[in-house]
Protein chains: 2
Amino acid sequence: MSTDGETARRRPGPRRSLSHDQVVGVALEAIDAGGPEALSIRAVAARLGVNPNAVYTYVASRNALEREVVERVFGETDLDLLTGPPHQWRQRIIGYARSLRAAVLRHPPVATLMMTAPMDGPSAVLIGERLIAALRDGGLPLDAAARGTYALIVQVVGFVALEVAETDARPPLPSEADRVAARRAALEFLDPAQWPLSAATRDVAAAWISTDQFNWSVERLLDGMIRPGQ
Amino acid sequence: MSTDGETARRRPGPRRSLSHDQVVGVALEAIDAGGPEALSIRAVAARLGVNPNAVYTYVASRNALEREVVERVFGETDLDLLTGPPHQWRQRIIGYARSLRAAVLRHPPVATLMMTAPMDGPSAVLIGERLIAALRDGGLPLDAAARGTYALIVQVVGFVALEVAETDARPPLPSEADRVAARRAALEFLDPAQWPLSAATRDVAAAWISTDQFNWSVERLLDGMIRPGQ
DNA sequence: ACCTGAACACCGTTCAAGT
DNA sequence: ACCTGAACACCGTTCAAGT
């Protein structure tokens, strides 16, 4: 708790000390500079110019640090995109989904971290709250809106994680066109005699990680929820 | 190990030596016994009674080992569920999705591994091939079936990964009922004044990781693909 | 409250040498 | 071909001690 300093009390928002935020910020810097393995207690300590164990003053464990980094990246998304006129519920959801994907792609190693820790931070709660509202604007009953919220989160975060998994996760990522081209080349081996359908859809599979496919997946999920077959 | 010279050559299938398969098997055993951190070159070596570097005779790196473990778990799924009469395309897909989820839940740490490596193994190709076929049986054009295949994979694997992320990933996992109950308790803090929609749907959010929600998500995605709004 | 110093029990990976 | 022995450059975390 940061009741010790006065600056912390002035701000009514997050109660974290400045040094705590610095640690998280440095951790994100380390990840952006050195890739997935660069997020370590010792690397953060080195960047701060202190001994490794000094980091434990601000963070409980490596795991806790990872979760704070995730929280930080959620904070880089544009939550305002989720609010707006009810009839635009669809654009709001798609717009925010793209904003979330973009934020993670700026910090590729964070994609994995999002899949390995429960989404229980303040940002996650706020995103959930606004997603439920948007889905209700789309005509979903309350409970279905809550279910749909999670299906959307799974689709969006899962998509980005698998997208990043195709790379070495070292920022900056190659352009989407380059990544699709690399996939296309890697799929050349598909033998039409052995896997006729896969071979015939090589070009589609190469573009599985594209923005186009991302939008398509989210839209299909929305379509399936709006006129539910149950 | 037995007949490391001739048995491997007799079989025309995978060209791997018996010892290679043993290494992967031991890695999976280690994971099942010790959780996510137990999958290490040194732990596998210790289980085999050899020096750490001896493992490199059979596996190129820790990363390669992880991917082989994923391949092994894919092999535990029941691919036959994906084949069947065309009119049952829906049951085939849902049935296989459940089989895949069950296989991963038997080896929880593998869920994360599936999100951190490209799905390019032989099992992944075969699953893709049969998923495309099933979606075609559902009436989708070829390209849409290929797109839908990836959306389904993202939803299924992403769902399981986030489900496991709520636990310590140490098998055996608590029962689903227990895990839902734990989530319900953890969501007690939600303040209706601050997050009215989230607080009102606590019970739904607690069951986000349930089989019911899993089925619902997959079904909604299928609904959205079968009558596409594009 | 926050840091240093030192240590413990681990990692993945490489190299040289044996058989 | 497959292993040992030894080493390098790392990890996360804990404890005791300083200020």
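The chains referred to below are lettered A, B, ... by the order of the sequence lines, with proteins before strands, and numbering in each begins at 1.
When distances are taken from the side chain of B:Pro52 to each of C:dC11, C:dC3, C:dT13, the shortest belongs to C:dT13. When distances are taken from the side chain of A:Arg42 to each of D:dC11, D:dC3, C:dC3, the shortest belongs to D:dC11. Each of D:dT4, C:dC11, D:dC11 was ranked by its minimum atom distance to the side chain of B:Ala43; first place goes to C:dC11. Distances from the side chain of B:Thr57 to the nucleotides D:dC3, C:dC3, C:dC11 place D:dC3 closest.
Between the CG atom of A:Asn51 and the C1' atom of D:dC15 there is a distance of 14 Å, given to the nearest Å. Atom P of nucleotide D:dC11 and atom CG of A:Leu39 are separated by 11 Å, given to the nearest angstrom. Summarising the geometry, the separation between CG on B:Asn63 and C1' on C:dG12 is reported as 11 Å, rounded to the nearest angstrom. A straight line from CD1 of A:Ile41 to P of D:dT13 spans 6 Å, rounded to a whole angstrom. Computed from coordinates, the B:Glu37 CD to D:dT13 C1' distance equals 14 Å when rounded to whole Å. In this structure, B:Gln22 atom CD and D:dC2 atom P are separated by 12 Å, rounded to whole Å. What separates CG of B:Leu48 from P of D:dC3 is a distance of 9 Å, to the nearest Å. Distance A:His20 NE2 to C:dC2 P: 13 Å, rounded to the nearest Å.
A donor-acceptor pair under 3.5 Å is absent between the side-chain atoms of B:Thr201 and the main chain of B:Val204, judged by distance alone. Of the possible donor and acceptor atoms, none in the side chain of A:Thr77 sits under 3.5 Å from a partner among the backbone N and O of A:Leu79. Between the side chain of A:Glu71 and the backbone N or O of A:Ser123, at least one donor-acceptor pair lies under 3.5 Å.
Other residues, nucleotides and ligands contribute at most 12 non-hydrogen atoms within 6.0 Å of the CZ atom of B:Arg98.
Look at B:Tyr56 and you'll find a side-chain N or O under 4.0 angstrom from OP1 or OP2 of C:dT13.
Atom name P, nucleotides D:dA9 and C:dA9: the rounded distance is 23 Å, in whole Å.
Shown here, C:dT4 forms a base pair with D:dA16; the pair counts as Watson-Crick or G-U wobble because both key distances fall under 3.5 Å.
In summary, of the residues considered (A:Phe214, A:Phe159, A:Trp208), a side chain to side chain contact (heavy atoms under 4.5 Å, CB included) with B:Val154 occurs for A:Phe159 alone.
Residue contacts for B:Arg62: at a heavy-atom cut-off of 4.0 Å it reaches the sugar-phosphate backbone alone, with no base atom in range.
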